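Remarks on the structure that follows.
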Amino acid sequence: MIETPDWVKHAIFYQIFPDRFARSRRLEHPPGLQLKHWGSPPEEQGFQGGDLLGIVDRLDYLQELGVNAIYLNPVFASAANHRYHTYDYFRVDPLLGGDEALRELLEEAHRRDMRVLLDGVFNHTGRGFWPFHHILENGADSPYLDWFIVTGWPIRPYSSDRKHPANYAAWWNLPALPKLNVENPAVREYLLEVTRHWLHFGIDGWRLDVPQEIKNPAFWRSFRKAAKLANAEAYLCGEIWEAAPRWLGGDRFDATMNYVFCGAALSFFGGRTLRKYRKRHLRLEPLNGKEFSRVVRRMIEVYDWEVAQVQLNLLDSHDTARALWIVGEDESALRLAVLFQMTMPGAPCIYYGDEIGLSSGDDPLCRQAFPWDHPEAWNRGLLRFYRRATHLRHRYRALRTGHFEELGSGERWYAFSRQLDEQRILVVFNVHDRAVRLKLKLPAPPEAPFQQRWPWDEDGRCWEARGNLLPLRVPAREALVLVDAG
């Protein structure tokens, strides 16, 4: 029997790239520390000084947005602004405020019934990781030699010559990212202790970076066991870009970052303006309603229902271009995709700044600073839309845990229902640039009219079925959300 954390089914996540979200005036850095100007071009790769206290200072904003869970990109000590070059897994980076700032963030988030997910980078480290540095200093005499896979001497940690690449295993052959030898029992135990340490510290789960590159299923089973013993409700989410049922059978992860969802949503709702964009396994091409229907069915049916309810449903991330850019700045496409997020099984995840209209190409461009000092640049209408969409999901439990059933699809429309006990909700999307009329076939005649809950400007309007057929008019580039009034 597969069990997943119940709280995730009711969560709306907000992904934060810590260096670029918010600076806090409460964090005092050592004199003379030089940070880049807030809002500097993200491709410059410097440190702009976002920190964990800055997130604490913005928790009210996140609550108003409807967020009740935060996913943080790596926070451990590192020599890179993205902090995937870890050099101390037991220490929060001092530029982010150190362990004390994480403690305050956890306490304040938990006081608001918000959860916090950390990013675990266990496949590779940074050059500054102490066992690797020990090898740099001691060569083959280092007792930590088997923590890595060294293939030649002298070791070349800064090689940029293709004819003489790094002579040790490294992520994508980048010398700055030596790969850990997880076949070594000492390495496995070290990583499991990292896992336990931060869960005991108070975090609510892990997002695991490139887990498929650790070719040791036993390690991930041990990881799950250690994590769940430390916190039975810990959420374990792997960065796997395609369908991954063998990873979600109850012995490894609870969920994956659902890039299948991302690709399907942007391809259908943004089909008319979609840019030519590919990233890893993310393939975007226009879909009609029938094609979209097939992708959605496979996406849900490939997993146990417990898993489907906790998949991390995202539209973009720090690893992709922003969703608004991908759909060619078509705000109606983004709105439809967001409403799809908020009405489907799985936990929605908002990438920081999407809600105010941030738009940019692939990373590092998508890692820009949040423009707190320039609120005039915010898309206020879009922000109101996000708040209403999250409110809709929080209002109806059926949208979070209700049974999912597809009701039909056409060239430009798609419909499904969510049902929990006696509450039934119908969701109908129209991606056409003009209104569509249709007769939606229901499984059985309803006992009462349906009340409209979206669009908001017609809240409460009633729609009556004729037998098991429900005549509807769906406005152009819009959706209807109807609640069984019975």
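Given the structure is predicted, the values throughout are model-derived calculations rather than measurements. What's counted below: heavy atoms across the whole structure, side chains too, no hydrogens, waters or symmetry copies.
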**Study point:** Check against ring-ring contact (aromatic ring centres under 6.0 Å, His included), Phe370 and Trp378
**Key:** CA-CA 10 Å; Phe370 195 107; Trp378 296 14; 5.6 Å; yes
Practice item. List in chain and number order the residues that pass salt bridge (Lys or Arg N to Asp or Glu O under 4.0 Å) with Glu64, two or more places apart in sequence or in another chain; answer none if no residue qualifies. Key: Arg387
Point to revise | Donor-acceptor side-chain pairing of Gln309 and Thr4 below 3.5 angstrom | key: no
Practice item. Might you point out which heavy atoms bring Asn430 and Ala476 nearest each other, and give the distance in Å? Key: ND2-CA, 3.6 Å
Review point. So, Phe13 versus Tyr235, ring centres under 6.0 angstrom or not?
Key: yes
Study note, to complete from the structure: When every non-hydrogen atom of Ser267 is compared with those of Arg283, the smallest separation belongs to OG-O, 4.2 Å
Practice item. Apply ring-ring contact (aromatic ring centres under 6.0 Å, His included) to Phe385 and list each qualifying residue two or more places apart in sequence or on a separate chain. Key: Trp454
Review point. Side chains of Ser24 and Asp51: is there a donor and an acceptor less than 3.5 Å apart?
Key: no
Check your understanding: Would you say the side-chain atoms of Lys441 and Asn468 include a donor-acceptor pair closer than 3.5 Å?
Key -> no
Review point. Step by step, would you call Trp413 with Phe268 a ring-ring contact (aromatic ring centres under 6.0 Å, His included)?
Key: CA-CA 10 Å; Trp413 64 273; Phe268 179 56; 9.9 Å; no
Check your understanding: Under the side chain to side chain donor-acceptor pair (under 3.5 Å) criterion, do Glu329 and Ser359 qualify, and how do the steps go?
Key -> CA-CA 8 Å; Glu329 311 300 327; Ser359 178; 2.7 Å; yes
Exercise for review: Verify the distance criterion only: is there a donor paired with an acceptor across the side chains of Tyr414 and Glu406 at less than 3.5 Å?
Suggested key: yes
Check your understanding: Would you say the side chains of Arg367 and His318 form a donor-acceptor pair under 3.5 Å?
Key -> no
Practice item. Would you kindly say whether His110 and Asp204 are connected by a side-chain donor-acceptor distance under 3.5 Å? Key: yes
Point to revise | Worked verdict on His281 versus Trp241 for ring-ring contact (aromatic ring centres under 6.0 Å, His included) | key: CA-CA 6 Å; His281 295 280; Trp241 289 56; 7.7 Å; no
Exercise for review: Could you pull out all residues at least two apart from Asp362 that satisfy side-chain contact (heavy atoms from CB on, under 4.5 Å)?
Suggested key: Tyr277, Lys279
Exercise for review: Please step through salt bridge (Lys or Arg N to Asp or Glu O under 4.0 Å) for the pair Asp209 and Arg207, ending with a clear verdict.
Suggested key: CA-CA 7 Å; Asp209 188 60; Arg207 175 267 190 189; 3.0 Å; yes
Practice item. Tell me, with the steps shown, if Phe292 and Phe340 meet ring-ring contact (aromatic ring centres under 6.0 Å, His included). Key: CA-CA 12 Å; Phe292 179 64; Phe340 184 62; 5.3 Å; yes
Exercise for review: Check Gly205 against Leu199 and note the closest heavy-atom contact, atom names and distance.
Suggested key: N-CD2, 4.0 Å
Practice item. Report the C-alpha separation of Asp421 and Arg397 in whole Å, then their side-chain angles, then the decisive distance to 0.1 Å, and conclude whether the salt bridge (Lys or Arg N to Asp or Glu O under 4.0 Å) test is met. Key: CA-CA 10 Å; Asp421 300 326; Arg397 190 181 182 95; over 6 Å; no
Exercise for review: Measure centre to centre between the rings of Tyr352 and Phe17, then say whether the value is under 6.0 Å.
Suggested key: no
Check your understanding: Side chains of Arg418 and Tyr396: donor-acceptor distance under 3.5 Å anywhere?
Key -> no
